[in-house]
There are 2 protein chains.
Amino acid sequence: MTVTLADVAARAGVSAATVSRVLNSNYPVAEATRDRVLRAVAELEYVANGPASALAAATSDLVGILVNDVADPFFGVLASAVQAEMSDGGGPGGEKLAVVCNTGGSPERELTYLTLLHRQRAGAVVLTGGAVEDSAHTAALAARIARLAAAGTQVVLCGRPPLPAAAAGAHAAEAPAANGPRAAGRAAARAVGAGPAPLTVAFDNRGGARALTEHLVGLGHRRIGCVAGPERLTTTRHRLEGHRAALAAHGVEDAPGRTVHGAYDRASGYAAAHELLRRDDRLTAVVAANDTVALGVCAALRERGLRVPEDVSVAGFDDLPFSADAVPALTTVRLPLGHAGALAGRLAMGREPAPPAGVTLLSSELVIRNSTAPL
Amino acid sequence: MTVTLADVAARAGVSAATVSRVLNSNYPVAEATRDRVLRAVAELEYVANGPASALAAATSDLVGILVNDVADPFFGVLASAVQAEMSDGGGPGGEKLAVVCNTGGSPERELTYLTLLHRQRAGAVVLTGGAVEDSAHTAALAARIARLAAAGTQVVLCGRPPLPAAAAGAHAAEAPAANGPRAAGRAAARAVGAGPAPLTVAFDNRGGARALTEHLVGLGHRRIGCVAGPERLTTTRHRLEGHRAALAAHGVEDAPGRTVHGAYDRASGYAAAHELLRRDDRLTAVVAANDTVALGVCAALRERGLRVPEDVSVAGFDDLPFSADAVPALTTVRLPLGHAGALAGRLAMGREPAPPAGVTLLSSELVIRNSTAPL
DNA sequence: CTGTTAGCGCTTTCAG
DNA sequence: CTGAAAGCGCTAACAG
């Protein structure tokens with residue numbers, strides 16, 4: 001049978017409580033006793049029973065990261081940063097099990113994972129990527145998040161806007177002293193039913209999109225196609241709004257057929273470009289939902305014998321690693337993904353003071369390369 | 001206060017045992033009672049306490065996937081497939097929490113995650129990607145895996161060779177943890193039950209590499225540079241062996257300076273190409289460690305004014321989604337990533353019969369595109 | 001500093 | 001088919 005705390009205690013000739021103390025190093029223990037215990041642990045190859053600890057302590061060392069698509073570099077980079085930050089417990093014994101959960105962009109799976117994580121009494125959860133704008137889902141999500149918070153789980157939204165205040169729940173109270181005695185936080189969470197308020201790290205998608213389209217307009221483009229992301233996704237809407245704001249600000253007419261929606265993948269960009277050209281083959285520029293989509297657009301353009309950027313300028317979004325290498329190198333909007341992920345991770349672990357109003361807006365930066373050129 | 005099983009039981013006017021039964025649907029319960037319980041669950045918004053269940057049932061619904069780098073599409077695609085397969089419990093109530101853990105290629109983190117997963121009493125674990133060939137690490141890894149197996153966890157290796165038989169039995173051979181003197185006894189590990197034997201899903205890296213280099217040789221190339229992956233990684237070694245086997249089979253001399261090792265990323269390919277050219281600027285072809293590296297090689301080549309494939313042919317490996325889109329489209333070796341991941345996931349969940357000897361070797365396929373051309 | 005004593009919330013025989 | 005009772009392995013007061 002597996003070896004338990006009691007076995008270790010017996011072997012070391014101490015009580016279970018003492019073993020627990022040296023393992024969690026959250027209480028003074030004599031040096032000699034400590035050594036003895038540690039030796040027993042090693043000899044017996046003892047591996048603590050996580051569920052049992054979690055049950056007794058009402059908290060687990062599991063922390064989750066939800067992403068829309070693990071196979072998408074955007075999330076890969078983000079998740080990697082969040083995880084690196086969450087994993088190193090920031091202290092002895094702080095070994096956290098940071099795990100990433102793939103929702104595949106499905107709202108249901110998102111909720112399911114949240115429930116599963118709640119079930120596991122995860123210590124923190126970071127939700128990345130755009131949120132689906134559907135009132136039913138938003139409400140369900142807010143409810144789940146409120147319950148997670150009530151259970152003492154710190155929730156951080158990264159790359160999506162904060163929860164609507166109405167849905168966020170009535171308790172946007174004090175910032176929890178995550179470093180203090182665990183018992184305090186736990187007691188508070190139980191008594192009040194409120195927990196740590198959700199925090200947010202958002203990107204300035206609107207501003208970035210606007211700057212990008214203004215760059216195109218400045219180059220003389222007027223017939224600009226737009227391959228937007230999935231409909232009803234906050235990210236999509238924000239980027240679209242920025243794009244339109246730029247158009248409006250410069251008096252460029254935004255013909256209705258100039259926007260096509262699609263997934264955040266290459267195939268979508270490819271199909272959208274063909275569709276856009278079918279509607280109007282005099283397009284001189286295309287702004288894509290993101291870099292991956294932009295690559296699909298370029299492929300379609302090439303296929304029709306159009307050169308980038310000589311005949312048509314193409315712009316991406318995100319500035320993923322491969323964008324600089326594409327041929328031609330992509331003009332895009334750089335999002336500080338690594339920085340955002342690390343910040344979200346730190347916030348989740350209570351290792352970073354919560355920003356005012358709980359929201360940090362990260363600015364984006366226009367990166368001009370070779371895929372865009374004057375008309 | 002969070003609502004517990006007892007609360008639900010009270011509300012439904014039944015015992016806790018009954019509630020447990022309907023929730024796990026592992027025991028006959030009267031239809032009416034069942035409905036009553038379910039209603040109470042809904043009304044109270046009850047969320048089971050995972051740790052408590054895990055403790056009582058001695059098994060959890062957590063399943064893990066270890067990857068070297070979440071930001072690398074290779075692992076993204078693989079993880080996505082494994083996860084999809086593991087998540088859908090394959091039956092009612094079979095909601096598994098499939099999580100991916102990012103080791104960053106660090107052997108220590110790999111071991112840490114394995115311990116953490118063991119601690120959580122994970123039901124299954126899939127280790128993806130090449131393994132580091134270091135006897136100490138291999139032994140430690142084998143020991144961890146043996147213990148996981150002993151605890152009833154199904155371990156599946158995906159994209160790496162099976163554990164050496166010798167190491168698979170090497171219990172307690174690892175060095176003791178950070179502090180604490182060397183442990184003498186290993187009596188405990190003795191009587192442990194065997195548990196499910198580790199299963200393996202491997203790629204034919206050797207065969208793929210050989211086919212690729214033969215393609216190049218067939219095109220007339222003789223001065224072929226090789227940008228291999230990180231040293232001491234099984235994947236690297238196998239691909240290199242395939243490459244050399246092809247060279248040898250066709251009587252092509254393999255000059256010693258023609259191979260450079262580096263990470264599986266674009267920067268490495270870029271640097272390696274420059275280095276290779278510095279050593280011998282008459283190279284006519286380069287085989288890269290993988291597609292990402294190949295892109296870096298192409299970039300370096302272009303920078304030196306060399307055209308691909310007119311001046312130098314370049315080949316990748318893996319056939320990741322972006323490879324078909326690169327300019328020029330990459331000649332590469334296609335690995336059935338999705339298939340492998342799904343298979344590994346099914347094996348892990350016991351939803352697929354174990355292959356003979358516990359090992360499945362998946363064949364690769366040469367994909368010839370535009371980055372390679374006759375001399 | 002260390003041992004004792006209660007549970008944490010759920011599953012699971014064992015009876016009815 | 002349903003209930004009662006006995007823990008699963010660990011942590012956390014509360015004494016010593």
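Lettering follows sequence order; numbering is per chain, from 1. The figures here come from the full heavy-atom set of this structure, side chains too, leaving out hydrogens, waters and symmetry mates.
- In this structure, the nucleotide among C:dC10, C:dT12, C:dT2 sitting nearest to the side chain of A:V29 is C:dT2.
- When the P atom of D:dT2 is taken as reference, atom CZ of B:R36 falls 8 Å away, rounded to whole Å.
- Listed candidates were D:dG3, D:dC1, C:dT4. Nearest to the side chain of A:S15 is C:dT4.
- For the 3.5 Å distance criterion, the side chains of B:S106 and B:T103 fail to qualify, holding no donor opposite an acceptor.
- Distance, A:R119 CZ to C:dG9 P: 16 Å, rounded to whole Å.
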task: Evaluate salt bridge (charged side-chain N to carboxylate O under 4.0 Å, His left out) for B:R351 paired with B:E85, printing each intermediate quantity in order.
output: CA-CA 10 Å; B:R351 230 181 295 138; B:E85 205 62 52; 3.4 Å; yes

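- When each of B:A56 and B:R34 is assigned the nucleotide of DNA chain D bearing its nearest heavy atom, the one mapping closer to the 5' terminus is B:R34.
- B:L55 has its CG atom 11 Å from the P atom of C:dT11, to the nearest Å.
- For D:dG3, its base sits under 3.5 Å from the side chain of B:R21 at one donor and acceptor pair at least.
- Side chains of B:E110 and B:N68: no donor on one and acceptor on the other come within 3.5 Å.
- Under 4.0 angstrom from either OP1 or OP2 of D:dT2 there lies no side-chain N or O belonging to B:T18.
- Among the nucleotides C:dT2, C:dC10, C:dG3, the one closest to any side-chain atom of A:T33 is C:dT2.
- Out of D:dA12, D:dG9, D:dT2, the shortest distance to the side chain of B:A30 is found at D:dT2.
- Rounded to whole Å, atom P of D:dT2 lies 11 Å from atom CG of B:D35.
- Candidate nucleotides C:dC10, D:dT2, D:dG9 were compared by shortest atom distance to the side chain of B:T4, and C:dC10 ranks first.
- A distance of 12.5 Å separates CG of A:L44 from CZ of A:R39, quoted to the nearest 0.5 Å.
- Residues A:Y113 and B:S87 have side chains that bring a donor and an acceptor to within less than 3.5 angstrom of each other.
- With distances taken from any side-chain atom of A:Y46 to the nucleotides C:dC10, C:dT11, D:dC10, the minimum falls on D:dC10.
- Between D:dG9, C:dG3, D:dG3, one nucleotide has an atom nearer to the side chain of B:V14 than all others, and that is D:dG3.
- Closest heavy-atom contact between A:P198 and A:I145: CG-CG2, 3.8 Å.
- Atoms CG (A:L44) and P (D:dG9) sit 14 Å apart, rounded to a whole Å.
- Toward the 5' end of DNA chain C, the nearer of the two residues A:E31 and B:V47, judged by each one's closest nucleotide, is A:E31.
- Nearer to the 5' terminus of DNA chain D, by closest-nucleotide assignment, is the contact made by B:G13 (compared with the other of B:G13 and A:S53).
- Between the CG atom of B:D7 and the P atom of C:dG9 there is a distance of 9 Å, rounded to whole Å.
- Put simply, CG on B:N24 is 7 Å from P on C:dT12, counting in whole angstrom units.
- The interatomic distance linking B:L23 (CG) with C:dC10 (C1') rounds to 10 Å, in whole Å.
- The side chain of A:N49 sits closest to D:dG9 out of D:dG9, C:dG9, C:dC10.
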